[in-house]
Amino acid sequence: MSEPSHKYTPALIEPKWQKKWESEQTFRTQGPESKKPKYYVLDMFPYPSSTGLHVGHPEGYTATDIVARFKRAKGFNVLHPMGWDAFGLPAEQFALQTGVHPAVTTGKSIETFRRQLQMLGFSYDWSREFATCDPDYYRWTQFIFLKLWEKGLAYQTEVPVNWCPALKTVLANEEVVDGKSERGGHPVFRQPMKQWMLRITTYAERLLSDLDKLDWPESTKELQRNWIGKSEGLQMRFPLEGGHGELEIFTTRPDTLWGVTYMVLAPEHPLVSKITTAEQKPAITAYRDEASRKSEMARQDQSKEKTGVFTGAYATNPASGERVPIWISDYVMMGYGTGAIMAVPAHDERDHAFAVKYSLPVREVVKPLGTAPEGCFSGEGTAIDSGFITGKPTSEAKKLVLEWAESKALGKRTVQYKLRDWLFSRQRYWGEPFPIIHSDSGSEAVPLAQLPVKLPDVKSYEPSGTGESPLAAITDWVNVNNSAGVPARRETDTMPGSAGSSWYFLRYCDPTNQQMAFSPEAEKYWMPVDLYLGGPEHAVGHLLYSRFWMKVLFDCGLVTHDEPFQKLVHQGMILGEDGEKMSKSRGNVINPDDVVKLYGADTLRLYEMFMGPLERDKPWSMTAIEGVYRFTQRAWRLFVDEDSGKLFVDDSAPTAEDLKVLHKTLKKVTEDIEGMRFNTAISQMMVFVNHFTKENRRPRECMKPFVQILNPFTPHLAEELWDRLGEKDSLTYAAWPAFDASLAKDDTIKMAVQVMGKTRGMVEVEPGSNQATVEAAARIADGVPHHLDGKTVKKVIFVPNKIINFLLES
RNA sequence: GCCGGGGUGGCGAAACUGGUAGACGCACAGGACUUAAAAUCCUGAGUUCCGUAAGGGGCGUGCGGGUUCGAGUCCCGCCCUCGGCACCA
């Protein structure tokens, strides 16, 4: 039948080593008692979808696996865990259609994911695996929620939320795109409902300033900074006419106070009904009703014209004493600042557009330094016609007005953030129940000893449609007695998906602890995560929430670090062969199972690392992976005679050239792994294989360390070759081969010879050669003399080891 | 509109602090082996012009300027593209 073959056969060697790693628990992590330095390298754990692994997953997972294996060889105690972000909408929607319990669907998906990840040979410590939907895990998610609740950081309130009638649920801002639901594209409306909120805004300043101490991509930090959106300015009160008290506004441009020609309140502002004159009442009421009905999409549509209505009321400008009309408009948001602004149409684009539409006066109070732009000038300049600040530059003028307002007790210096509190409840089944019981006398926490509050079974996953979750229908679960023995009701909302993912990195430190979420020793030893890798799409969601929870736990004294992820790296997206995002509808999806069947896991891993820089988006190429497969086969043939199965490697002495190639390779691969430049590390390994293939020499002294550096990239192949080399101990913990810097250096270097700045030839000289030596050689180097003949050399630029450049008289 | 990333051969990409642009790989061409093909191994190649040839010249890192002996790399002004935010006062 099948003839005995000694060809490279990943289908045989890969499962063999995977089984061995599993049975010998090769990647089992030691605890904090270890004498080794720790290294915690973490992937963003996946949502186990029913469609299985996508080729994008192994990209990041291979990168972290390379680092994990490299660090083990470097003598670190490595924590490299994997688990499942398992609560979420898809499993619930599947349950809605089929009646299959989400736990069943999710369990199946997890099986698939685990099988696929094991097939790829990742060195996870599977003994630490868990899913966020395990009661043993969400028990502690509930525990952390109660910590937030105790600290007053979790509260319930009526808020206008994104209500989607089609999905019959409330959506987070992140789940709404262009006024439609991210899933399904159904219209979303604003509607007030009672919701759980987390007071992330309390931590705005720390979340902002602590970004400076993180080794994260600058672009991601900037995204978080913009999201937090800090701005400093003046909060000040304008007296209202008619004994209505005062109107408080926020401005970042106190220096434009003399340019105020009207004021605007958000339609929802509580003062509106109080100050509106009888005459204006009908128009105001109509406008407010319309605004409240408007969907998020309509409200955010910037192309639309600004609209508003005059209230009939006036305020007094405390600086100029002028009478200022008060309008309402939906371009002012109730949720930011005080929900009211002083409008300066000369120096604010939005105010300008509004003033033009309603023929309100425009008064210039800032003169630009340079040329005056057409329309509205919102930059800095010099104050004009502005009382005591006239003639002052903007920055000084701002300061003067602030000081003046504070001294007259008209207002105060204020910091505003765009960041809003985190909407933390969902009217859904498949999430963590809140450990809260409500009664007429108030709400109370479920005692710790009674955690977890488990999800009960339900008959129907259909949301009630009234905004309550399906849990509300399970009366014998809902109706309980509170601590005083009084009949009460359980909270029936569940937590959002981002709850479980906001602290899972802590649970990995001590995943089976039944007494605590994690032991203090484990947290102290393992945290923070040394390297965290995942897609850039979590830049402001998960990554901000996790930082927030970590800080809360820090303030509770439960953790000793106040940032979870010291270093963060994003992997790019793997695009389809057509250069477009992979999607079922485009038909350009590549399935990792198929690729492994064709080429094996090692080749898939190597190819994904060879495609280009990790953080960049890269198109898949079925022909390019062939090239990488060719490389793995060439590497195999470097060691194994495909006809006899015998080893080519011998104990012959390597040549000086061999050693140079080896040490250059060791150096480049070591440094490139440290810098996460895997594509160029692989290029260098190709150079190594090309050299020894061409020279047809296999000195053990060179081949053995090569297997070791191959290991992080193609661990199955490396283990097999290591075994065939007669090594008994596991390759995993074999010390990383050191390179000899002097051997990695060339003993001659090529210097470019330029004439008038153009490269005309090359000279080969010893490193550090002086100008006289190089110049003499350069003048007679191939391609050079005829450019110098008959010309006078005016000047010679000489940069040792780099270049020599002859400048001629013109 | 604002913030951030990216534009280098036919393609994916290299290039440390300004110093041989195109390493490595794909695709391609030629050769060796073979009855032949595949596979494998070896060789070639940015482009264009002159030359039968050896060889030589010009042009080349999105576009236009600048600094420099020398710019993919630094500075100024643009264009295109991808991602995020979007009336935040």
Side-chain angles (χ1 to χ4, degrees), chain A residues 7 217-223 225-227 229-231 233 249-253 256 264 299-304 306 329-333 335-344 347-351 353-354 378 416-420 536-537 539-540 570 572-573 575 579 581 607 610-613 615-628 630-631 633-634 637 642 671 675 677 679-687 690 693-694 696 749-763 782-783 786 794-799 801-808:
Chain A
K7 283 192 182 345
E218 213 33 64
S219 57
T220 305
K221 290 200 214 176
E222 202 53 33
L223 225 52
R225 287 190 191 105
N226 291 342
W227 188 261
K230 179 179 183 174
S231 45
I249 57 95
F250 173 74
T251 179
T252 54
R253 289 296 297 270
T256 60
V264 188
R299 184 102 182 229
Q300 282 183 356
D301 184 1
Q302 209 182 18
S303 60
K304 83 171 171 115
K306 294 199 171 16
S329 172
D330 64 5
Y331 84 89
V332 173
M333 307 289 140
Y336 183 80
T338 60
I341 61 159
M342 61 178 217
V344 185
H347 305 294
D348 182 284
E349 309 270 356
R350 296 151 303 179
D351 297 347
F354 192 83
S378 55
Q416 288 290 339
Y417 300 92
K418 287 189 211 172
L419 185 69
R420 305 295 165 81
E537 67 275 14
V540 289
H570 296 303
M573 205 190 310
L575 307 169
K581 196 171 168 171
Y607 171 61
F610 185 64
M611 291 172 89
E615 57 282 5
R616 208 123 90 196
D617 291 350
K618 300 158 290 255
W620 184 269
S621 162
M622 261 323 184
T623 53
I625 194 173
E626 286 275 359
V628 173
R630 241 171 260 165
F631 167 78
Q633 295 173 86
R634 276 163 73 88
R637 283 197 296 268
E642 290 194 322
E671 290 173 354
R677 295 179 296 268
N679 54 331
T680 49
I682 295 164
S683 298
Q684 185 60 40
M685 295 197 290
M686 287 172 170
V687 170
N690 289 347
T693 301
K694 199 173 150 191
N696 200 21
I749 49 171
K750 285 179 175 172
M751 282 179 66
V753 181
Q754 299 188 335
V755 179
M756 296 298 280
K758 290 200 177 195
T759 304
R760 298 301 183 180
M762 219 73 72
V763 285
D782 278 354
H786 75 271
K794 190 174 65 180
K795 194 180 172 188
V796 179
I797 309 273
F798 176 74
V799 182
N801 301 336
K802 298 279 187 193
I803 206 159
I804 183 161
N805 187 2
F806 294 97
L807 302 184
L808 307 175

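When reading the values below, keep in mind they use all heavy atoms of this one structure, side chains included, and skip hydrogens, waters and symmetry mates. Chain letters run A, B, ... following the sequence lines, proteins first, then strands; residues in each count from 1. Since the model is a prediction, treat every value here as computed from it, not as a measurement.
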- Whole angstrom is fine here: how far is it from CZ in A:Arg677 over to C1' in B:A13? 15 Å
- Item | A:Ser621 side chain near B:C11 phosphate (N/O to OP1/OP2, under 4.0 Å) | no
- Item | C1'-based separation of B:G44 from B:U34 [nearest Å] | 23 Å
- Message: Between B:C28 and B:A37, how many Å separate the two P atoms, rounded to a whole number?
- Response: 16 Å
- note: A:Tyr607, atom OH; B:G12, atom P; distance rounded to Å ~ 11 Å
- Message: With a cut-off of less than 4.0 Å, is there a side-chain N or O of A:Thr256 near OP1 or OP2 of B:A89?
- Response: no
- Query: What does A:Gly627 touch in the nucleic acid at a heavy-atom separation under 4.0 angstrom: a base, only the sugar-phosphate, or nothing?
  - Reply: sugar-phosphate
- Partner set under side chain to side chain contact (heavy atoms under 4.5 Å, CB included) for A:Arg630, not counting sequence neighbours: A:Glu626
- Message: At 4.0 Å (heavy atoms only), tell me whether A:Asn679 reaches a base, stays on the sugar-phosphate, or touches nothing.
- Response: sugar-phosphate
Any protein N or O atoms within reach of nucleotides 39-43 of chain B? Criterion: under 3.5 Å, listing atom names and distances.
| from | atom 1 | to | atom 2 | distance (Å) |
| --- | --- | --- | --- | --- |
| B:U40 | O3' | A:Arg637 | NH2 | 3.4 |
| B:C41 | OP1 | A:Arg634 | NH1 | 2.5 |
| B:U43 | OP1 | A:Lys694 | NZ | 3.2 |

- Partners of A:Glu537 by salt bridge (charged side-chain N to carboxylate O under 4.0 Å, His left out), sequence neighbours excluded? none
- Roughly how far, to the nearest 0.5 Å, is the CZ atom of A:Phe610 from the NZ atom of A:Lys618? 12.5 Å
- Message: For the P atoms, the ones on B:C24 and on B:G31, what distance do you get once it is rounded to whole angstrom?
- Response: 23 Å
- Message: Under the rule for side chain to side chain contact (heavy atoms under 4.5 Å, CB included), what residues qualify as partners of A:Val687, not counting sequence neighbours?
- Response: A:Gln684
- Rounded to the nearest 0.5 Å, what separation is found between the CG atom of A:Leu808 and the NZ atom of A:Lys794? 8.5 Å
- Message: Any base atoms under 4.0 Å from A:Met686, or only sugar-phosphate, or nothing? Heavy atoms, all strands.
- Response: sugar-phosphate
- Message: Rounded to whole Å, how long is the line connecting atom NZ of A:Lys306 with atom P of B:G1?
- Response: 15 Å
What are the atom names and distances for every N/O pair under 3.5 Å that joins the protein to nucleotides 54-59 of chain B?
| from | atom 1 | to | atom 2 | distance (Å) |
| --- | --- | --- | --- | --- |
| B:G56 | O3' | A:His786 | NE2 | 3.3 |
| B:G57 | OP1 | A:His786 | NE2 | 3.1 |
| B:G57 | OP1 | A:His787 | NE2 | 2.3 |
| B:G58 | OP2 | A:Arg760 | NH1 | 3.1 |
| B:C59 | OP2 | A:Lys758 | NZ | 2.8 |

- Item | P gap between B:G46 and B:U61, integer Å | 16 Å
- Message: I'd like to check the side chain to side chain contact (heavy atoms under 4.5 Å, CB included) partners of A:Thr759; sequence neighbours left out, ordered by chain and number.
- Response: A:Ala752, A:Gln754
- Message: Show me the dot-bracket string of RNA chain B, counting Watson-Crick or G-U pairs under 3.5 Å, with | for pairs to another strand and [ ] for crossing ones.
- Response: (((((((..(((......[....))).(((((.......))))).(((((....)))))..(((((..]....))))))))))))....
- Query: Taking the P atom of each, how far is B:C74 from B:U48, in whole Å?
  - Reply: 31 Å
- Message: Need one value for A:Pro613: base, sugar-phosphate or nothing, where a base atom within 4.0 Å counts as base even if backbone is also close, heavy atoms only.
- Response: sugar-phosphate
- Message: According to side chain to side chain contact (heavy atoms under 4.5 Å, CB included), who are the partners of A:Lys581, at least two apart in sequence or on a separate chain?
- Response: A:Met573, A:Arg586
- Note on the structure: Rounded to the nearest 0.5 angstrom, the CZ-NE2 distance for A:Arg760 and A:His786 is 7.0 Å
- Between B:U35 and B:A23 - C1' atom distance, rounded Å: 40 Å
If you restrict it to nitrogen or oxygen atoms, what contacts under 3.5 Å exist between nucleotides 69-72 of chain B and the protein, and what is each distance?
| from | atom 1 | to | atom 2 | distance (Å) |
| --- | --- | --- | --- | --- |
| B:C69 | O2' | A:Asn805 | ND2 | 3.4 |
| B:C69 | O2 | A:Asn805 | ND2 | 2.7 |

- Query: Between A:Ile682 (CD1) and B:G12 (P), how many Å, whole number?
  - Reply: 18 Å
- Query: Expressed in angstrom and rounded to an integer, what is the separation of A:Asp617 atom CG from B:A13 atom P?
  - Reply: 10 Å
- Message: Going by the glycosidic torsion and a 90 degree boundary from 0, is the base of B:G57 oriented syn or anti?
- Response: anti
- Can you tell me, in whole Å, how much space there is between the P of B:G10 and that of B:U47? 7 Å
- How far apart are the C-alpha atoms of A:Tyr607 and A:Trp620, what are their side-chain angles, what is the distance that settles it, and do they pass the side-chain contact (heavy atoms from CB on, under 4.5 Å) test? CA-CA 10 Å; A:Tyr607 171 61; A:Trp620 184 269; 3.7 Å; yes
- Message: Going by the rule salt bridge (charged side-chain N to carboxylate O under 4.0 Å, His left out), which residues pair with A:Lys230 if we only count those two or more places apart in sequence or in a different chain?
- Response: A:Glu205
- Can you check side-chain contact (heavy atoms from CB on, under 4.5 Å) on A:Asn690 and A:Arg634, steps first, answer last? CA-CA 8 Å; A:Asn690 289 347; A:Arg634 276 163 73 88; 2.5 Å; yes
- Message: Taking B:U8 as the reference, what is the distance to B:A13 when you measure between their P atoms (whole Å, please)?
- Response: 9 Å
- Under the ring pair (Phe, Tyr, Trp, His ring centres under 6.0 Å) test, residues paired with A:Phe354 that sit two or more places apart: A:Tyr262, A:Trp327, A:Tyr331, A:Tyr358
- Rounded to whole angstrom units, what separation is found between the NZ atom of A:Lys802 and the P atom of B:U20? 8 Å
Under 3.5 Å between N/O atoms: give me all the protein pairs with nucleotides 3-10 of chain B, atom names plus distance.
| from | atom 1 | to | atom 2 | distance (Å) |
| --- | --- | --- | --- | --- |
| B:C3 | O2' | A:Asn226 | ND2 | 3.2 |

- With heavy atoms under 4.0 Å as the rule, sort A:Phe631 into base, sugar-phosphate or nothing. nothing
